[in-house]
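Note sheet for the following structure.
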Amino acid sequence: MAGRKRAASRNNATSAAASGPSRPTRSSARRSGVPDIYREMLVEADVQSSANSSERPLKRRRPGQRNEQSLKKPDPPEATSKTEDVDDEDDIQFEDVPPPVATVQTVYRDSEEEEEDDEMQFEDVDLSIPSLNLDDVEDGNKDLELNFSARTTESPRKTVDRRKPISKAEKDRRIEIHKMHLLCLLAHVARRNRWCNDEAVQDNLRKLLTKKMVTYLNPGTHLSQFGRANSLKEGLQQVGSMYKTKYQITERGIRRALWAENEEYLQNYSLPDDAESTLEKSDFLEAAKSLSGSRDVGAQLYCALLRSAGVEARLVCSLQPLAFTSGGPPLGKPPKAKGKLSIAEQYARQQKNDNPVDSPAESSSSILRRLGHPNATAFHVPPIPITPSSREAPPAPKKIRESPYPIYWVEVLDEAHQKWQPADPLVTNSFWKPQKMEPPASDRENCMTYVVTFEADGTAKDVTRRYAKAYNAKTRRTRIESAEAAGERWWRKALRAFSRGYSTDLDQIENNELTDLELREPMPRNIADFKDHPVYVLERHLRRNEVLVPGASASGTVGAGSTGPLEKVYRRKDLRIARSRDKWYRMGRQVLPNEIPAKFLPKRARIKTDSLDDDGDDDPSEPNGTPIYTYDQTVQFKHPPVVNGRVPKNRFKNIDLYVPSMVPEGGAYVADELGARAAFILGVDYAPALTGFHFKGRQGTAVLHGVVVAAEYEEAVRAVIDGLKDQAAELEKARRTREVLKAWRLFLMNLRVRQRIWADVDSEEEDIAQSPMNLDNDRAIANEQDLEDEAQQSDNSSEDEAGGFMIDEDYAGGFMVD
């Protein structure tokens, strides 16, 4: 709209100029006596301004500026000739305001609205004006070609990156790598924690503390509980402010470990140039002296500084192991090596070299060109000598881009409240604020999965629940506890190597605090977080054999988005495992009579291999599927008791004994392979124990191990088993003795043969003959002779024999040859 208003104002000015001669005014009468010399100067100034308009450097070229100037720029000589012919003094009045000034003002755009108006003006450009872009003219002569595929490739739609799930073998491999990486990171943090206790490091850092700071960090016992806590916090803030101003971050610390999408990306992989260089204890001491390095080293030095002041501090690290899940950002492609510059880059660099920085004289002349006087450029400004400075400007420090959340920080013991409090002066500059340490899920450089603390004595403790806001809903999924059933036990065993061996009162207080934080975690807000949640569960996430107890009350509701239906949220403690009758029987329990199934499982299509299995999943008497029952609907199974030494048996002449509670009353289980033989020798009644099935695919074979006998015969059966084992041991010993005697007999016979051979030979000749070289030669000669004999035998057999019979030339196939 601004462009239209300006065009309208120019039209009004033109109409005013046209109507000027018809209505003379007082001002025109006054200007009628202008001398001719000033008129010539004005005309000359107008020509020079139009000629120098191309030299005037514009601040920024706008699209369409060249066309707009070509349309609006008048020809001053022609305009002057017209005014001289007409000889109108009013026209000279409009020559006092040069038209190029107004043209330059209308080019600049101050807002998006003006830009839109200018674009509308460019639609009215006269097509008779020649185009200044030669490329457009050449392209216009070519045939018009429409390529929709190229359009699609140039601007593809943004698609969601859906990675394929990994296989079970790949996940198992990643779990093992995850465990190994965890152990390596624990050893690394334990080593850095020992460096923080070094006396030389603490002596160099203790000089940074003032007496006032030390007094604040170690409050007296005469203060109140609040006073002691406030004094410690004030001292930490003073030390943190001082330490942040003196420590310089010059290197990159630890970052999140990522998986590469392709193994080729790791072939030429190398650490960045600004990676942490502190690898040995001497480097750590040098960093303490120079107060520079990565922010991880800074947090470790800060821990050593607090320990040197007598504060009980422990080093905290957020471990960054390789994930075992398929999610997460990939490592990405390695940066390509810089090759030859392109033509555009070479041209840009050449232009930069050809146009050096203007001197003061040239800059002053450009300023003089902008003045209104026509001969202002003729004045020469005296050059100002510039003495080059001997000092060179220091190179600008390279900016290190890292996660805005720390990997290392420090925890300080608040003795007044018997509580560990976090302190981080370098990254977040926070004290007593554990909620500021957890990075978001979108952070590529940092992921909070395991937070481990190390005290001065080397004791390690997992405190992830203190800093994770959604430990059960999100953080637990990325830990080893959710990867496998024994993951939690493995993690406790890994931390046991860094344990103190006993639990103190402070440890018990901290354990209660962490447990309370886990229990006070709020309910998840989306449905995905309820999957495998240890506290809450949704009905959609129930497994095939899981049911809710009758009358379970909902703890809340959650909806799938803003328009989805609400679903009830239940406690996981109200969840029960349901099994079929056969499964409960193999666990030593049986379903009570007249029990209503808790759930019916749909039938599975499989081939029935055992026609006598009436308790299988494909029971024809259950048209609705396999009924399953909960634990509360079962009782312990008991076989009939043993009466008069007779053991109860099934139709297969054995007894089912899946669990120890299934041993019949009055009987005893003898778990030995020789039990049946011992009972048979004694002549007592027994029943082989069926302890399970060995499956190959869908077909299972019964496994019989041990026997069940009457309790009064158990001791006798075990005594016979011991006797049979002793007899078997004696037989084995006799067999081994015979084998050894045979070996010794053969050895002695060989010695006697050798003695007879070398009886009449001197010892020197015997040594020469038994040398390794002679033995090798003899063996080679013997091998050659054996090969020659075999070849000769094979030739003779092929010529003279056939199938073990002599070949007669007069017979062929049993017939006479004519």
Side-chain angles (χ1 to χ4, degrees), residues 171 173-193 195 249 251-261 265-266 269-272 274-279 293-300 303 314-332 400-411 422 424 426-428 434 436-454 460-471 474-483 487 490-491 494-495 498:
K171 185 175 181 181
R173 187 179 71 91
R174 289 193 176 190
I175 289 174
E176 296 300 325
I177 296 175
H178 180 83
K179 291 180 180 179
M180 181 59 65
H181 199 181
L182 274 178
L183 297 178
C184 295
L185 291 174
L186 285 174
H188 169 74
V189 182
R191 187 184 186 190
R192 293 298 177 94
N193 181 63
W195 290 357
I249 300 176
E251 296 175 343
R252 181 190 295 270
I254 296 178
R255 57 180 178 177
R256 182 179 180 181
L258 303 174
W259 287 97
E261 294 181 341
Y265 298 164
L266 300 177
Y269 179 79
S270 60
L271 293 175
D274 54 355
E276 182 180 319
S277 60
T278 304
L279 302 177
S294 66
R295 66 184 192 180
D296 297 345
V297 175
Q300 296 159 15
C303 179
R314 60 186 186 183
L315 186 64
V316 188
C317 178
S318 175
L319 305 181
Q320 305 292 319
L322 281 165
F324 54 83
T325 57
S326 59
L331 182 62
I400 300 176
R401 298 183 180 274
E402 289 186 281
S403 172
Y405 297 88
I407 301 293
Y408 280 89
W409 64 91
V410 178
E411 280 188 352
D424 177 35
L426 292 179
V427 183
T428 60
K436 286 192 174 183
M437 304 298 176
E438 184 181 12
S442 59
D443 196 338
R444 182 184 175 86
E445 302 289 334
N446 192 351
C447 178
M448 181 174 287
T449 308
Y450 303 88
V451 181
V452 183
T453 63
F454 281 84
K461 190 177 185 64
D462 184 7
V463 293
T464 313
R465 292 173 288 181
R466 176 178 295 150
Y467 299 98
K469 300 175 184 177
Y471 177 79
K474 298 182 181 296
T475 308
R476 188 184 177 89
R477 294 184 179 182
T478 59
R479 291 168 60 95
I480 192 64
E481 290 93 329
S482 62
W490 180 91
W491 179 238
L495 292 179
F498 306 97

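Only this structure's heavy atoms are used, side chains among them; waters, hydrogens and symmetry mates stay out.
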Treating [X] as the side-chain partner and [Y] as the backbone partner, does any N or O pair qualify as donor plus acceptor under 3.5 Å?
| X | Y | answer |
| --- | --- | --- |
| Thr464 | Val451 | yes |
| Glu438 | Met448 | no |
| Ser482 | Arg476 | yes |
| Gln320 | Ser318 | yes |

Which heavy atom in [X] sits nearest to a heavy atom in [Y], and how many Å separate them?
| X | Y | value |
| --- | --- | --- |
| Val410 | Ala299 | CG2-O, 3.7 Å |
| Thr475 | Ala468 | OG1-CB, 3.5 Å |
| Ser403 | Asn446 | OG-CB, 3.5 Å |
| His188 | Ile254 | NE2-CD1, 3.9 Å |
| Ala460 | Val452 | CB-CG1, 4.0 Å |
| Arg295 | Ile249 | CB-CD1, 3.8 Å |

Would Arg255 and Glu402 count as a side chain to side chain contact (heavy atoms under 4.5 Å, CB included) if you check the C-alpha gap in whole Å, the side-chain angles of each, and the deciding distance to 0.1 Å? CA-CA 8 Å; Arg255 57 180 178 177; Glu402 289 186 281; over 6 Å; no
Which residues pass the side-chain contact (heavy atoms from CB on, under 4.5 Å) test with [X], sequence neighbours left out?
| X | value |
| --- | --- |
| Ser277 | Glu251 |
| Ala441 | none |
| Leu322 | Ile177, His181, Ala257, Trp259 |
| Ala187 | none |

With rounding to the nearest 0.5 angstrom, report the CZ to CG distance, Arg252 to Asp274. 5.0 Å
Those residues at least two apart in sequence (or on a different chain) that pass salt bridge (Lys or Arg N to Asp or Glu O under 4.0 Å) with Arg465 are Glu518
How would you list, by chain and number, every residue that makes a salt bridge (Lys or Arg N to Asp or Glu O under 4.0 Å) with Lys171, sequence neighbours excluded? none
Within-4.5 Å side-chain heavy-atom neighbours: [X] and [Y]:
| X | Y | result |
| --- | --- | --- |
| Leu426 | Pro406 | no |
| Arg444 | Leu258 | yes |
| Ile407 | Val427 | no |
| Phe498 | Asn193 | no |
| Val189 | Leu319 | yes |

If the condition is ring-ring contact (aromatic ring centres under 6.0 Å, His included), which residues does [X] pass it with, not counting sequence neighbours?
| X | answer |
| --- | --- |
| Tyr405 | none |
| Tyr467 | Trp409 |
| His178 | Phe324, Tyr450 |

Does this structure show an ion pair linking Arg466 with Glu411, if we count only N-O contacts that are shorter than 4.0 Å? yes
Residues in side-chain hydrogen bond (donor to acceptor under 3.5 Å, both in side chains) with [X], at least two apart?
| X | value |
| --- | --- |
| Lys474 | Asp529 |
| Glu481 | Arg479 |
| Gln300 | Arg192 |

Could you check Lys179 against Ile480 for side chain to side chain contact (heavy atoms under 4.5 Å, CB included), going step by step and ending with a plain yes or no? CA-CA 8 Å; Lys179 291 180 180 179; Ile480 192 64; 3.8 Å; yes
Is there a donor in the side chain of Ser294 and an acceptor in the side chain of Asp296, or the other way round, less than 3.5 Å apart? no
